[in-house]
Q: 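Would you mind keeping the following structure in view while I ask a few things?
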Amino acid sequence: MSNAAILKIGEKEISLPIIEGTADEKAVNIGALRKETGFISYDDGFGNTGSCQSDITFIDGDKGILRYRGIPIEQLAEQSSFLETAYLIIYGDLPTAAQYQDFSNRIRNNAMIDERMHLIFEGYPSDAHPMAMLSAMMNSLGCYDPHLATNNRAQDLANFDEAAAFAISKVRTVAAASYRMSRGLPINYPKRQLRYAENFLHMMFSYPYDDYEPIPEVVNALNLMLLLHADHEQNCSTSTVRMVGSGGANLFASISSGITALWGPLHGGANMAVIEMLEEIHADGDDGSRFIEDAKSGKSGKRLMGFGHRVYKNFDPRAKIIGAACDDLLNKLGISDPCLDIARKLEQEALADEYFVERKLYPNVDFYSGIMMRAIGIPVNMFTVMFAIGRMPGWLANWKEVASNPKTRISRPRQIYQGHVLRDYVPVEERG
Ligand code: CMC
């Protein structure tokens, strides 16, 4: 294949270089387009636009492939842990035993948040959304350790290991504290002797007098859920983190913007929306068939939440893993959840329905993750927070990739202006 694409616009012909990725992905580099022709490219929703070159995560949406740093998600789900996978994503390789020890010690030793942050929690109303608190608090972390959040790229990079450990560790503490405050419960301090997932469950569920007793199946399910969310290349929130980071913003400011971007129901908020949908179907006495018809007709803006993906057009490998793990967990805990039965029925019907088949709409990771989280005891309004805890390694790795590349340019897309071309200001007295 030639290493250039020829573009002809009117009489003007230009040659645009082709970039090839290590897994055969191909792109036309249109960097010279505007300079050479006066045109810009237009791609609504960036469906065909590569915004960066990255070494972190590979997805082949047609084949249902997801790999972190080259390692298939299925192998990691089977054999790794969330923290080991986080190291892989952030640093590029699986850690040696000594590297893992260092990394997990840094995380273990940095779970506390500054005591003064508790005062900020107290100022929120008890029904404040935990995603709003998480985003604000993760940004605020930088205020308590300003040497980690200088907005000077070289300095922020020099302290990256410490800042990354803070983010991965403290995001759990902030999340659990927001839950405790919303229930009017005292905040539980983290315990150094507990492992990552167990410590989170303790901060969430230990009562003042009784410690939460970790159930191994629940701990494993939580670990798996976090691992499956750990990165997903250039989705809405990760692209946001990269964009904010491209302007030189520090790591905490950048991940805080990622949390905000994750919140929407088409992205990380879908896991909440799925459970709300399943509960609505259950309450209506529908077995799912009526809802599917509504989603197909787009009636009242309804969509089959947890279905469809911009990139996966065959299956979402995370959904396969989490669907099976969800069954397993519910069986082991002896839980019978009518929402799981409805979800199975919806999946079966949609996969055989022409509308969904034609549009290549399959269950995504959010279709089953909510049912799993509910079984773990996580309240619905915390589901997207759990996604954010899981996605932290991906955001950190992407921020680092942007910050450490000396060729990084600030992200600054163009637009096609469609408004008034030129008109005069009219004083208020003349406007009527
Ligand atoms: N239910 C019904 N119809 C759908 C759905 C759905 N869940 N998703 C897409 N469609 C239809 C859509 O109406 C359109 O139909 P038509 O061609 O007739 O206009 C067609 O499929 C293409 O949809 P699109 O909105 O152009 O696709 P997109 O790539 O822009 O959006 C999506 C991808 C994930 C936002 C979308 O599929 C969706 O809204 N799904 C439900 C929300 C959801 O589960 N989001 C979680 C995504 S996975 C977690 C994450 O990484 O964020």
Side-chain angles (χ1 to χ4, degrees), residues 43-49 56-59 61-62 64-66 68 73 131 225-242 258-278 280-281 288-323 342-343 346-347 349-373 380 383-395 398:
D43 181 16
D44 185 29
F46 308 126
N48 291 290
T49 296
I56 304 167
T57 287
F58 172 70
I59 298 177
D62 294 326
I65 290 175
L66 167 61
Y68 298 154
I73 190 70
M131 282 298 277
M225 201 276 301
L226 297 174
L227 183 153
L228 292 176
H229 285 84
D231 193 36
H232 213 233
E233 55 117 299
Q234 300 316 312
N235 52 82
C236 173
S237 56
T238 303
S239 300
T240 302
V241 169
R242 286 187 82 110
I259 292 167
T260 312
L262 185 72
W263 195 355
L266 300 187
H267 190 15
N271 53 20
M272 270 177 73
V274 169
I275 285 287
E276 283 160 4
M277 170 188 80
L278 294 174
E280 182 191 322
I281 293 173
S289 323
R290 268 202 321 267
F291 192 93
I292 286 196
E293 287 313 310
D294 288 354
K296 280 160 58 176
S297 68
K299 214 165 128 190
S300 17
K302 277 186 182 160
R303 280 192 163 194
L304 187 48
M305 300 311 285
F307 252 71
H309 200 276
R310 171 62 62 79
V311 181
Y312 294 121
K313 298 298 175 195
N314 184 333
F315 65 94
D316 177 342
R318 304 167 301 171
K320 266 196 175 172
I321 299 169
I322 211 161
I342 294 172
L346 281 176
E347 179 179 359
E349 282 204 16
L351 292 181
D353 190 299
E354 204 180 320
Y355 173 95
F356 293 91
V357 174
E358 239 174 43
R359 290 168 180 76
K360 299 184 189 276
L361 301 169
Y362 296 87
N364 59 52
V365 68
D366 290 324
F367 197 62
Y368 288 109
S369 65
I371 297 173
M372 182 183 246
M373 284 190 266
V380 177
F383 285 4
T384 314
V385 167
M386 302 308 295
F387 191 151
I389 297 175
R391 185 53 55 85
M392 202 51 68
W395 290 334
N398 275 276

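Ligands are counted one by one from 1 in listed order, and the atoms in each one are counted from 1 as well.
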Q: Any idea which atoms of ligand 1 are less than 4.0 Å away from a heavy-atom of Asp366?
A: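 Counting atoms of ligand 1 from 1, those under 4.0 Å from Asp366 are 46 (C), 48 (S), 49 (C).
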Q: Counting heavy atoms only, which part of Leu304 comes closer than 4.0 Å to ligand 1: side chain, backbone, both or neither?
A: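 Within the 4.0 Å criterion, Leu304 contacts ligand 1 through backbone and side-chain atoms alike.
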Q: Could you tell me whether Gly306 and ligand 1 have an N or O pair separated by under 3.5 Å?
A: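 Indeed, backbone or side chain, Gly306 has an N or O that close.
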Q: So that I know where these two stand, are Phe387 and His232 an aromatic pair - ring centroids less than 6.0 Å apart?
A: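 Here the rings of His232 and Phe387 have centres that are no less than 6.0 Å from each other.
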Q: Could you see which bit of Arg359 sits under 4.0 Å from ligand 1, with heavy atoms only: side chain, backbone, both or neither?
A: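 Near ligand 1, Arg359 shows its side chain, while the N, CA, C and O stay back.
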Q: Got a protein heavy atom sitting under 4.0 Å from atom 22 (C) of ligand 1?
A: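 Answer no: nothing from the protein, no heavy atom, is under 4.0 Å.
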Q: Kindly assign one of parallel, tilted or perpendicular to the pair Phe367 and Phe307, based on the angle between their ring planes and the thresholds 30° and 60°.
A: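 Judged by the thresholds at 30° and 60°, the geometry between Phe367 and Phe307 is perpendicular.
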Q: Donor-acceptor pair, Ser239 side chain versus Gln234 backbone, under 3.5 Å?
A: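 Yes, Ser239 side chain to Gln234 backbone: donor-acceptor pair under 3.5 Å.
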Q: Is the backbone N or O of Asp62 less than 3.5 Å from a side-chain atom of Asn314, with the two atoms forming a donor-acceptor pair by type?
A: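 The answer is yes, because a donor-acceptor pair under 3.5 Å joins these two groups.
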Q: Report yes if the side chains of Arg290 and Ile281 come closer than 4.5 Å at any heavy-atom pair, otherwise no.
A: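 Not touching, per the 4.5 Å side-chain cut-off.
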Q: Show which atoms of ligand 1 fall inside a sub-4.0 Å distance from at least one heavy-atom site of Ala270.
A: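 Close to Ala270: 43 (C), 44 (O), 45 (N), 46 (C).
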Q: Where the side chain of Arg359 meets the backbone of Tyr355, is there a donor-acceptor pair that is under 3.5 Å apart?
A: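 Yes: the side chain of Arg359 pairs with the backbone of Tyr355.
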Q: Report yes if some N/O of Asn364 lies less than 3.5 Å from some N/O of ligand 1; otherwise report no.
A: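 Between Asn364 and ligand 1, an N or O pair is found under 3.5 Å apart.
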Q: When you measure from the side chain of Asn364 to the backbone N and O of Gly308, does any donor-acceptor pair fall under 3.5 Å?
A: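 Looks like yes, one N/O pair under 3.5 Å.
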Q: Below 4.0 angstrom from a heavy atom of His309, which ligand 1 atoms are there? Numbered from 1 as shown, please.
A: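 With His309 as reference, the close atoms of ligand 1 come out as 34 (C), 37 (O), 48 (S), 51 (O).
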Q: At what distance is the nearest protein heavy atom to atom 42 (C) of ligand 1, and which residue and atom is it?
A: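 Minimum-distance protein heavy atom for atom 42 (C) of ligand 1 reads Met305 CE, 3.5 Å.
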Q: How about atom 48 (S) of ligand 1: does it have a protein heavy atom within less than 4.0 Å?
A: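 True for atom 48 (S) of ligand 1.
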Q: Considering only the protein, which heavy-atom contact is closest to atom 52 (O) of ligand 1, and what is its distance?
A: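 The closest heavy atom on the protein side is His267 ND1, 2.5 Å.
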Q: What part of Leu266 sits under 4.0 Å from ligand 1 if we count only heavy atoms: the side chain, the backbone, both or neither?
A: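 Both the backbone and the side chain of Leu266 come within reach of ligand 1.
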Q: From atom 39 (O) of ligand 1, is the closest protein heavy-atom distance below 4.0 Å?
A: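 So far as the 4.0 Å threshold goes, atom 39 (O) of ligand 1 is in reach of a protein heavy atom.
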Q: Quick one, Met272 and Met131 - any side-chain contact, counting heavy atoms below 4.5 Å?
A: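 In short, these two side chains do not touch, never coming nearer than 4.5 Å.
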Q: Suppose we measure from atom 13 (O) of ligand 1 to each protein heavy atom; which comes out shortest, and what is that distance?
A: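 Here the nearest protein heavy atom works out to Arg303 NH2, 3.3 Å.
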Q: Could you tell me whether the side chain of Tyr68 and the main chain of Leu227 form a donor-acceptor pair under 3.5 Å?
A: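 Answer holds: yes.
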Q: Looking only at protein heavy atoms, identify the closest one to atom 34 (C) of ligand 1 and say how far it is in Å.
A: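 Result for atom 34 (C) of ligand 1: Gly308 O, 3.6 Å.
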Q: May I ask you to decide if Met225's main-chain N or O and His229's side chain share a donor-acceptor pair within less than 3.5 Å?
A: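 Checking the backbone N and O of Met225 against the side chain of His229, a donor-acceptor pair under 3.5 Å is found.
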Q: Does ligand 1 have a heavy atom under 4.0 Å from the side chain of Leu361, from its backbone, from both, or from neither?
A: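 For Leu361, only side-chain atoms sit under 4.0 Å from ligand 1.
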Q: Is there a side-chain contact between Met372 and Met386 in this structure, where contact means two heavy atoms from C-beta onward sitting under 4.5 Å apart?
A: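 SC-SC contact between Met372 and Met386 ruled out.
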Q: Using a strict cut-off of 4.0 Å, indicate which atoms of ligand 1 neighbour a heavy atom of Tyr355.
A: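 Per the distance check, 2 (C), 3 (N), 4 (C), 11 (C), 13 (O).
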Q: Only one of Ile73, Leu66, Asn235, Asp231 passes side chain to side chain contact (heavy atoms under 4.5 Å, CB included) with Ile59; say which it is.
A: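 Checked Ile73, Leu66, Asn235, Asp231 against Ile59; only one passes side chain to side chain contact (heavy atoms under 4.5 Å, CB included): Leu66.
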Q: Is the closest side-chain donor-acceptor distance between Asp43 and Thr49 under 3.5 Å?
A: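 Checked: Asp43/Thr49 side chains pair up, N/O donor to acceptor below 3.5 Å.
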Q: Any protein heavy atom under 4.0 Å from atom 19 (O) of ligand 1?
A: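 No, because not a single protein heavy atom sits under 4.0 Å from atom 19 (O) of ligand 1.
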Q: At under 4.0 Å between heavy atoms, which part of Phe367 makes contact with ligand 1: side chain, backbone, both or neither?
A: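 Within the 4.0 Å criterion, Phe367 makes no contact with ligand 1.
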Q: Look at atom 33 (C) of ligand 1 and say which protein heavy atom is nearest, naming residue and atom and giving the distance to 0.1 Å.
A: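 Looking only at protein heavy atoms, the one closest to atom 33 (C) of ligand 1 is Arg310 N, 3.8 Å.
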Q: State whether the shortest distance between N or O atoms of Phe307 and N or O atoms of ligand 1 falls below 3.5 angstrom.
A: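 Among all N and O atoms of Phe307, at least one is under 3.5 Å from an N or O of ligand 1.
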